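If you're wondering where the values come from, they're calculated on a predicted model, not measured in any experiment. Residue numbers start from 1 in every chain, and the chains themselves are labelled A, B, ... in the order their sequence lines are given, proteins ahead of strands.
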Number of protein chains: 2
Amino acid sequence: MRPPKRDELVREALKIFYREGFHATGMDRLAAETGISKTTMFRHFRTKEELILAVLRLRDEDFRNWLFRRMEEAGPPRAQILAMFDALGEWFASPEFRSCMFIKAASEYPEPQNPIHAQSAEHKRLLYRQLVKIVSAAGATDAEQLTRMLLLLKEGAIVTAHLGHEADPAGDARCAAETLLAAAEI
Amino acid sequence: MRPPKRDELVREALKIFYREGFHATGMDRLAAETGISKTTMFRHFRTKEELILAVLRLRDEDFRNWLFRRMEEAGPPRAQILAMFDALGEWFASPEFRSCMFIKAASEYPEPQNPIHAQSAEHKRLLYRQLVKIVSAAGATDAEQLTRMLLLLKEGAIVTAHLGHEADPAGDARCAAETLLAAAEI
DNA sequence: TCGAAACGAAACCGATCGGTATCGATTGAG
DNA sequence: CTCAATCGATACCGATCGGTTTCGTTTCGA
């Protein structure tokens, strides 16, 4: 039982930051809602920013693990790519869905040199590197370009699902992705 | 010279909110940076939220006017659609670019029933209605679905340009759009 | 059993939050 | 000229911000 409170804090803070936003969530309310004292919080993290960075690290791990595990279950590369959009659709349908944590973080910390912004960008870079392997395996001629296009659809679907009236952004994205794959002879 | 300060305030507040975020910008600092006294600010707007809503109304008008005027210059419907992505590319290249104001607003006010969130959603809806006419004129069989797909690319390009390492998200989006148009026989 | 480390309760810090109150100066239309 | 509306300066309000300090309690391995 070394630092269990630290992990518990990061997990709980993730939920609250995701639900309410970063600036809107004060450390006092964080302490009240998690049941973890402010003293303990600031013993593990010297600043709020450090806590946020830890939260984003956890989210990056959780999200990429979840997404690519879902995709792997689909079988061959082409099916894996399309399965990404099916997974997104399930995510959007959950009542807790409130857009992408990293898009939100970058929105609240807009300067590119900000550590929180930079770490959010890193998440997107890792996603890209992971996806480009699958697109390559699917036999794409220009796998990098196709990957970038597919990720545009993914990001667009996320913000549209959060902001939109649209019935099924994940389905639209999947449909567009099928067209892109067909044009790439995949 | 009826209420010139009001308009000036909204214009200046737009810049600052866009640059720094909503929660991060206090009314005191807004007064200091605009040179308009807090007294006057609160005479025109009863709350910060009312000011933000006015800012978003202005932004909605400005952005849609700018974008669709740019598109009209391109000539026929198909060229107009592609011109949207060229316009985005120019926007991304400007040093003041910091993502989409409405995506940011929805990020900071995540609950759908929040007035700021709702008004941001309304902007996206107006964009959709305007674009679907052009896509229809281009001769699309399912203009609504095609419009939704094109807007996914647009939103994806915006967040990727803000968050990304990517060299040219607008170019990638345009390229994907060309594929979608070709598949729709346009 | 002892000591170090992890924890909590609570008070405290200066700064800033959104918003108000008071009062006097400026201005423009009748 | 007058009167009402617009504006600014300044001080103020209670609440909350991120962060610290103090001190007492719990826990667990050596």
key: Length of the CZ-P vector between B/Phe22 and C/dG18, whole Å   = 13 Å
request  = Return the value, rounded to whole Å, for the distance between atom CG of A/Leu9 and atom C1' of C/dC7.
outcome  = 13 Å
ask   = Which nucleotide, D/dG18, C/dC7, D/dC7, lies nearest any side-chain atom of A/His44?
value = C/dC7
message = Using 0.5 Å steps for rounding, measure from the CD1 atom of A/Ile103 to the CE atom of A/Met101.
response = 12.0 Å
query = Closest nucleotide of DNA chain D for B/Thr40 versus for A/Arg29: which of these residues is on the 5' side?
reply = B/Thr40
request  = Look at the aromatic rings of B/His123 and B/Phe102 and report parallel, tilted or perpendicular, splitting at 30° and 60°.
outcome  = parallel
ask   = Under 4.5 Å between any side-chain heavy atoms of B/Phe68 and B/Leu127, yes or no?
value = yes
request  = Rounded off to whole Å, could you give me the CD-to-C1' distance for the A/Glu20 and D/dT16 pair?
outcome  = 15 Å
Selection from D/dG8, C/dG8, D/dT20 that lies nearest to any side-chain heavy atom of A/Phe42 = D/dT20
ask   = Between D/dG18, C/dG8, C/dG19, which one does the side chain of B/Thr47 approach most closely?
value = C/dG19
key: No-H, no-angle donor-acceptor pair, B/Lys38 side chain to C/dG19 base, under 3.5 Å   = yes
remark   = Looking only at C/dG19, D/dC7, D/dC17, the nucleotide nearest the B/Arg43 side chain is D/dC7
message = Whether A/Lys104 engages the ring of A/Tyr18 as a cation-pi pair (distance to the six-membered ring centre under 6.0 angstrom, angle to the ring normal within 45°) should be assessed.
response = yes
query = Aromatic ring centroids of B/Trp91 and B/Phe63 under 6.0 Å?
reply = yes
ask   = With no angle test and no hydrogens, is the base of D/dA9 tied to the side chain of B/Thr39 by a donor-acceptor pair under 3.5 Å?
value = yes
task = Would you tell me if any nitrogen or oxygen in the side chain of B/Lys5 comes within less than 4.0 Å of OP1 or OP2 on D/dG8?
result = yes
inquiry  = Rounding to an integer number of Å, can you tell me how far B/Asp28 CG sits from D/dA15 C1'?
reply    = 14 Å
note = Separation of C/dT16 atom P from B/Lys48 atom NZ, nearest Å, is 15 Å
task = Provide, to the nearest angstrom, the distance between the CG atom belonging to A/Leu30 and the P atom belonging to D/dC17.
result = 10 Å
ask   = Between B/Phe45 (CZ) and D/dC7 (C1'), how many Å, whole number?
value = 15 Å
request  = Write down the distance between CD (B/Glu49) and P (C/dC17), rounded to a whole number of angstrom.
outcome  = 18 Å
